[in-house]
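Worth knowing before you read on, the calculation uses all heavy atoms, side chains too, and leaves out hydrogens, waters and symmetry mates. Predicted, not measured: the structure shown is a model, and the values here were computed from it. Lettering of chains follows the sequences in order, A, B, ..., and the numbering in each one begins at 1.
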2 protein chains.
Amino acid sequence: MSAFAPTEARLDVTRAKYPDFPRGPAVLVRLIKHLFKEIHDEANALLRPYGLNHPEYNILMMLYGSPDNSMHPSALADAAGEKSANITRLTTQLCEKGYVARSGSDADRRKVTLTLTPEGLALIDGFLPGIVTLLHKQTRNLTAGEQDQLEVLLKKMLAGFGE
Amino acid sequence: MSAFAPTEARLDVTRAKYPDFPRGPAVLVRLIKHLFKEIHDEANALLRPYGLNHPEYNILMMLYGSPDNSMHPSALADAAGEKSANITRLTTQLCEKGYVARSGSDADRRKVTLTLTPEGLALIDGFLPGIVTLLHKQTRNLTAGEQDQLEVLLKKMLAGFGE
DNA sequence: AGTATATAGTTCATTTGTGTATATTCAATA
DNA sequence: TATTGAATATACACAAATGAACTATATACT
């Protein structure tokens with residue numbers, strides 16, 4: 001029996017009380033919330049031994065995903081889905097730990113450039129094997145074809161936001 | 001152009017540096033994170049005029065999804081995907097606002113029962129129309145068939161956790 | 001019965017996240 | 001070139017969430 005069954009039962013009760021409540025959309029939203037929490041918690045557990053949490057990991061990986069291992073804070077905020085005030089705090093921590101370096105920009109002096117240090121790159125090399133294993137584990141119930149399908153549908157849904 | 005395109009570009013760079021990094025699973029995880037943040041932020045904005053945030057809303061709706069409008073804290077933690085310590089804090093707030101009532105249980109004196117008050121039910125009636133509209137808006141890009149498909153796939157993925 | 005083990009809920013210290021205001025720089029244009 | 005408005009990043013006060021320790025009941029076992 002799926003762990004999600006109680007959620008569906010609750011939704012049935014809700015619809016009995018308030019028939020307009022849309023079952024499909026509500027299920028999707030609750031599924032996404034549950035998945036996010038699970039993903040978040042598992043990643044946190046894996047990263048704790050490295051002294052990192054999930055948001056810090058995300059920032060390191062966004063920088064790693066840039067050809068020169070560097071980004072500006074505002075781009076990082078978009079990429080990591082964090083508020084810019086939080087980027088300041090998180091990157092300050094990563095700087096203090098020595099994984100990221102801050103530097104000014106000559107072209108636009110408002111901007112700051114954040115770059116992975118050699119220590120940061122070494123840390124990433126250290127935790128990536130575990131992350132790869134975790135990612136496979138988290139999607140093991142889906143075939144490659146199902147993953148593609150899911151990706152298409154999630155993108156389509158996401159495209160409906162912020163318009 | 002999709003707002004998600006930069007994420008995919010970063011993933012390509014990552015895979016150039018670390019070929020084992022699995023593209024599909026990583027995309028799925030990032031999509032889910034982005035969707036959750038959008039859903040969370042929009043719900044927060046809608047609920048603010050009612051003096052509620054998204055987690056508080058979730059708790060009220062979990063109670064509403066129970067036939068007698070009541071649940072125990074531990075069940076609520078599961079249902080709402082919150083840690084039990086957080087349930088204590090959130091429900092205390094909701095009690096102070098008069099939307100939820102706490103009471104002991106005779107059968108098992110460790111347990112506490114949380115029940116929606118008439119004020120809580122009235123509040124729900126007040127914000128539900130807006131929520132219904134929001135839920136439709138958040139899934140407007142998906143046909144009914146696509147929503148069903150997405151639901152199946154997300155459930156399948158979720159079933160892979162915690163085993 | 002008596003003891004160990006597990007469960008329910010809370011408390012508290014700490015970490016993490018947000019909203020708002022502010023300083024600085026850039027870009028547009030009158 | 002002076003002025004206005006937008007963008008970038010940060011500071012800070014406050015809000016929310018977490019992990020770990022703790023109290024109290026309940027359950028299982030000998």
Any side-chain donor paired with an acceptor under 3.5 Å for [X] and [Y]?
X: Lys155(B); Y: Asn141(A); value: no
X: Thr88(B); Y: Asn86(B); value: no
X: Arg102(A); Y: Thr92(A); value: yes

> Closer to the 5' end of DNA chain C via nearest nucleotide, is it Ala75(B) or Leu90(A)?
Replying inline: Ala75(B)

>> Pick the closest DNA chain C nucleotide for His72(B) and for Lys83(A) by heavy atoms, then say which residue is nearer the 5' end.
In response: His72(B)

Please state how far atom [atom1] in [X] lies from atom [atom2] in [N], giving the value in whole angstrom units.
X: Lys111(A); N: dT10(D); atom1: NZ; atom2: P; value: 13 Å
X: Leu94(A); N: dT15(C); atom1: CG; atom2: C1'; value: 15 Å
X: Asp41(B); N: dG19(C); atom1: CG; atom2: P; value: 7 Å
X: Leu52(A); N: dT15(C); atom1: CG; atom2: P; value: 15 Å
X: Leu76(B); N: dA8(C); atom1: CG; atom2: C1'; value: 13 Å
X: Glu96(A); N: dT16(C); atom1: CD; atom2: C1'; value: 15 Å
X: His54(B); N: dA15(D); atom1: NE2; atom2: C1'; value: 17 Å
X: Glu56(A); N: dT15(C); atom1: CD; atom2: P; value: 12 Å

> Taking atom CG of Asp106(A) as the centre, does the number of heavy atoms from other residues, nucleotides or ligands within less than 6.0 Å exceed 12?
Replying inline: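 Open: at most 12 neighbouring heavy atoms sit under 6.0 Å from CG of Asp106(A).
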
>> With hydrogens left out and only the distance checked, is there a donor-acceptor pair under 3.5 Å joining Arg110(B)'s side chain and the base of dT7(C)?
In response: yes

Using the side-chain heavy atoms of [X], tell me which of these nucleotides is nearest: [options].
X: Glu82(A); options: dT25(D), dA16(D), dT18(C); answer: dT18(C)
X: Ala85(A); options: dA11(D), dG19(D), dA9(D); answer: dA11(D)
X: Asp108(A); options: dT8(D), dC26(C), dG19(C); answer: dC26(C)

> Under 4.0 angstrom, heavy atoms only, what part of the nucleic acid is Asn44(A) near: base, sugar-phosphate, or nothing?
Replying inline: nothing

> Would you say Ile39(A) and Phe4(A) are hydrophobically clustered, going by side-chain heavy atoms of ILVMFWY under 4.5 Å?
Replying inline: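 In one cluster with Ile39(A): Phe4(A), yes.
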
>> Is there a continuous path of hydrophobic side-chain contacts, each under 4.5 Å between heavy atoms, that joins Leu142(B) to Phe161(A)?
In response: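 Yes, one cluster joins them.
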
Tell me whether the side-chain N/O atoms of [X] come closer than 4.0 Å to OP1 or OP2 in [N].
X: Asn53(A); N: dT15(C); value: no
X: Ser74(A); N: dA9(D); value: yes
X: Asn86(B); N: dA16(D); value: no
X: Arg89(A); N: dG17(C); value: yes
X: Gln93(B); N: dA16(D); value: yes
X: Arg109(A); N: dT8(D); value: no

